[in-house]
Every structure is written in C-alpha cells, then in structure tokens.
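Everything below concerns the one structure shown next.
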Amino acid sequence: MMKYDYLIVGAGLYGAVFASEAVKAGRRCLVIDRRDHIAGNIYTEEIRGINVHKYGAHIFHTSNKKVWDYVNGLAVFNNYVNSPVAVYKDELYNLPFNMNTFYSLWGVRTPAQAREKLDEQITSAASLIKGDENGNPANLEEQALSLVGRDIYEKLIKGYTEKQWGRDCKDLPAFIIKRLPLRFSYNNNYFNDTYQGIPVGGYTKIVEKLLEGTELRLGCSYDEFRAENEAKGPDADVFDRVVYTGMIDEYFGFRLGRLQYRTLKFDTRLIEGVSNYQGNAVVNYTEREIPYTRVIEHKHFEHINDPESIPDTVITNEYPKEYEAGDEPYYPVNDERNSALYAEYEALADKEEGVIFGGRLGQYKYYDMDKVIEAALDAANAELGN
Ligand code: UDP
C-alpha cells in the first residue's frame, strides 16, 4: 500500500504542470496516462533530426509574462513566428488577413484603400446578417460576414471552417472566428501575442522535465487503474486527491449523454531527398473540396534559417473528423447543445469531492497551451497554498 497526495490522470501539459508544482511543494504524486507516452497532444518525436509534432502543429504564444518566464525556465525558445500561407484553388494568400492578403485579393496598397474595400464588402453582405435577439451576429457565418464581408469569408474562411468543424458555418458559434485577427499592416505574424516561439529540442523534453520527481505509469487508463487498485483490497494505494484531465463526460460514465469532440487524423510522411517541400511550416488549404485542412512541414519550426541543412523532410496532412470512441479527442465543440450539456457535467464536477478537473478535456474548453499552464498554476496555487 502506497500513500500519495495526488493521483493525476493524464500526462499532458495540465497534469505535468500541476505535478511539477506539487512535487516542488513536497507532495507525492502518481501520474497515469492511457497512452504509452507522456506529453499528451504536445508530444514531439525526433525523425531524422526533425522534431515532429505528432498531434499537429503546436506554436507557443502568450502575452502573459509569468507564463513566458515559466516556459523559458524549462527550455530555450527560438524566435519562430507563425506566418501561415493559405491556398485557395490556384491562389495563394498570406494569413492572418493583412495588407498582403488585401493586396492579393483586391490590388489595394494602402490601409485607407483596404478599409474602404472592406467597408464595401461588409455593407454589401449586410442583408445576409439577421443577428440574434441582442443584435449580435447569430453564428460564425454572420460574425465573419460582419467582420470581413464576402470575398474573404468565401475564399478563406467558409471551406476551412466547415472542414475543421464538420458543420455548416451557420451552426457554429461566432466566437471561433474571433481567433482570426484583421490587420492593416504588412505583418504576417498570425498571433497578436507579445511572446512566441518553439522550444528547441521539442515539447516532449519540457514535459519530461516537469515530471521529474513524479511517479509515472503509462499505458493505463483511469478505469483500468481503479479496477486494478481496488482488486488489491486493503493493500490498495491511497490518494488524497485526484487531478483529472481526461474527458469530463467519460469521468461520469457518460451518464448525461456524450459531449462531442472534433478530432484529427494525421498522415505523416518522411520524404527522403527533399530538403524543402513547401517553404513554410504551415500551409492551409481553404477549399472545401480538398479533404485536409493543412500541411505541416515540421523542419521549419526549428530550422528557421537553415531548413535545407537537413536533406530529408517530414510533412503531415491534417484531416479533421468527428470524434468516435477510440479516437484521440482534440477540440471541444462549443456549440449551444454541447455547451449546455457541459454545464450539466460541470455542476456534477463541482459536487465531486476531492477531484480537480483541468485542461481542454477536463474543462471542455478550447484552451491554448499558455492558458492551460495558467490554469494549472492557478489550481496548484489554490491547492498548495503558495
Ligand atoms: N480559420 C479559417 N481559415 C484559415 C485558418 C483558420 O477560417 O485559413 C478559422 C477556422 O474557423 C478555425 C479557426 O479559424 O477553426 C481557428 O483556427 P486556428 O488554425 O487558429 O486554430 P487551431 O486549429 O490551430 O487551434
């Protein structure tokens, strides 16, 4: 029989940050994960000297100085700036929507011309916007049309978004599109945050560091673990508290019904003898007819200035799909139905003694990495009284 302060379910970013704080405060933790590796969806694996983001591109960005200092204490971050390129049919556009995009779309060169053109676009789309009871855009389509008008919506948003979420833009919440900034300069930096970069050596090393001093058991689900532990009878291990970062609906045995998730299928290929496949880390394919949303060329994350110094390359095509049992869940679907169901699960979670629910799956929230770290540090502080 072992006695632990915390059983942490999930060796992803939330669980690892919490474990690290708890260990620093002298607590004993056991971290379990059903996968056979740590780091959850930020797991990276080296192939031919390239750190491959096995579960899709992860670009660290934050405006929170405390979080930035925290991650810089765990790894050296390079000066990578995410500047995706979007391909629509035979046209190519810079993202986020900026002067380069406006020039390619409409031939406008100054911010004043671009604003004028956008106003025109928005005005001519006004009749398509019905609005909700408070006069706000009622869904993602209305939000997009009211922000950028028809050309950008139809070429760069509609197809990509409908592929990504498997739903009509009219059935998606407006807030998803708030992640796409609109910029009146020739700046292709996708993010508005103050700090941005990729950890040199990959994300897995960060999580390894965070889990130092913690006991770890991989390839073991929470259900399996509990069954096994209970079978030990009086010799069962004892845990004061549980930190649960898996799917909240699974924790409660799906008793109120299943929350929906989107997942991604990755087709990752090593291409030998090609030192530079697409000239950029991220290329988005915004047409509905192309089944993948983006192609990632991993070497550009770390080999910013010398991608061709490695003779081979690794690329990943990303295919979004609806989550089914056995898949890895990636994105919560925060539409009305799922948000209402989550609220019911959250009420159950609030009553669950001795369990902290955290992370994208535990809180059914479209968290970025910095927000996950912030939430885990806050939870650890509240728990450990730092
Ligand atoms: N999006 C889009 N066109 C693009 C890229 C993104 O319309 O070329 C929209 C889409 O609705 C998507 C959202 O922006 O769901 C957020 O995309 P992002 O790539 O920033 O999110 P990630 O999938 O990386 O979390």
Side-chain angles (χ1 to χ4, degrees), residues 2-35 37-44 58 60-77 193-195 197-218 220 222 225 237-248 251 346 349-350 352-386:
M2 303 278 200
K3 200 174 163 339
Y4 295 86
D5 295 295
Y6 293 101
L7 170 65
I8 299 172
V9 182
L13 193 54
Y14 188 99
V17 167
F18 189 97
S20 167
E21 294 301 298
V23 166
K24 271 193 253 169
R27 308 296 205 278
R28 186 167 184 198
C29 302
L30 173 66
V31 173
I32 62 168
D33 199 297
R34 60 154 60 114
R35 296 191 221 181
H37 62 75
I38 60 166
N41 285 354
I42 62 170
Y43 178 66
T44 50
H58 282 82
F60 198 89
H61 56 96
T62 188
S63 292
N64 183 328
K65 172 89 165 62
K66 198 177 127 202
V67 170
W68 184 240
D69 289 344
Y70 179 84
V71 294
N72 277 272
L74 297 165
V76 172
F77 277 71
D193 281 319
T194 316
Y195 311 105
I198 298 283
V200 176
Y203 287 95
T204 305
K205 285 205 176 129
I206 290 187
V207 178
E208 263 167 25
K209 228 176 193 174
L210 289 169
L211 292 176
E212 275 168 17
T214 289
E215 289 165 57
L216 181 65
R217 188 152 164 215
L218 296 173
C220 180
Y222 188 37
F225 179 82
D237 296 338
V238 179
F239 303 90
D240 270 356
R241 296 178 55 80
V242 174
V243 176
Y244 182 84
T245 71
M247 298 189 289
I248 188 165
Y251 179 93
E346 197 183 16
D350 288 344
E352 193 75 358
E353 292 279 323
V355 184
I356 298 166
F357 292 83
R360 251 196 201 199
L361 305 176
Q363 291 175 279
Y364 200 66
K365 208 164 173 187
Y366 192 177
Y367 268 139
D368 286 332
M369 289 182 281
D370 62 328
K371 298 291 185 298
V372 169
I373 292 174
E374 213 178 303
L377 288 175
D378 285 349
N381 273 342
E383 270 290 302
L384 306 163
N386 291 334

**Prompt:** Going by the angle between their ring planes, with limits at 30° and 60°, are Tyr195 and Trp68 parallel, tilted or perpendicular?
**Reply:**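 Ring orientation of Tyr195 relative to Trp68: parallel.
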Tell me every residue that passes salt bridge (charged side-chain N to carboxylate O under 4.0 Å, His left out) with [X], counting only those two or more places apart in sequence or in another chain.
X      : value
Asp193 : none
Glu215 : Arg28
Asp69  : Lys65

**Message:** Any salt bridge linking Glu21 with Lys24? Criterion: basic side-chain nitrogen under 4.0 Å from a carboxylate oxygen.
**Reply:**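 Yes, this pair counts.
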**Prompt:** Does the distance from a Lys or Arg side-chain N to an Asp or Glu carboxylate O, for Arg241 and Glu383, drop under 4.0 Å?
**Reply:**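 Salt bridge between Arg241 and Glu383, a charged N being under 4.0 Å from a carboxylate O: yes.
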State, with a plain yes or no, whether a side-chain heavy atom of [X] is found less than 4.5 Å away from one of [Y].
X      : Y      : answer
Ile42  : Met369 : yes
Val200 : Ile198 : no
Asp237 : Phe239 : yes
Phe60  : His58  : no
Leu30  : Thr214 : no
Asp33  : Ile38  : no
Phe225 : Val9   : no

**Item:** Which residues share a ring pair (Phe, Tyr, Trp, His ring centres under 6.0 Å) with Tyr251, sequence neighbours left out
**Value:**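 Tyr251: ring pair (Phe, Tyr, Trp, His ring centres under 6.0 Å) contacts with Tyr244, Phe357.
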**Asked** Can you name the residues that form a ring pair (Phe, Tyr, Trp, His ring centres under 6.0 Å) with Tyr203, not counting sequence neighbours?
**Response**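 For Tyr203, the residues satisfying ring pair (Phe, Tyr, Trp, His ring centres under 6.0 Å) (neighbours in sequence not counted) are His53.
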**Prompt:** What's the spacing between Ile373 CD1 and Leu13 CG if we round to 0.5 Å?
**Reply:**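 Between Ile373 CD1 and Leu13 CG, I get 4.5 Å after rounding to 0.5 Å.
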**Request:** List in chain and number order the residues that pass side chain to side chain contact (heavy atoms under 4.5 Å, CB included) with Val238, two or more places apart in sequence or in another chain; answer none if no residue qualifies.
**Result:**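 Result, side chain to side chain contact (heavy atoms under 4.5 Å, CB included) vs Val238: Met1, Lys3.
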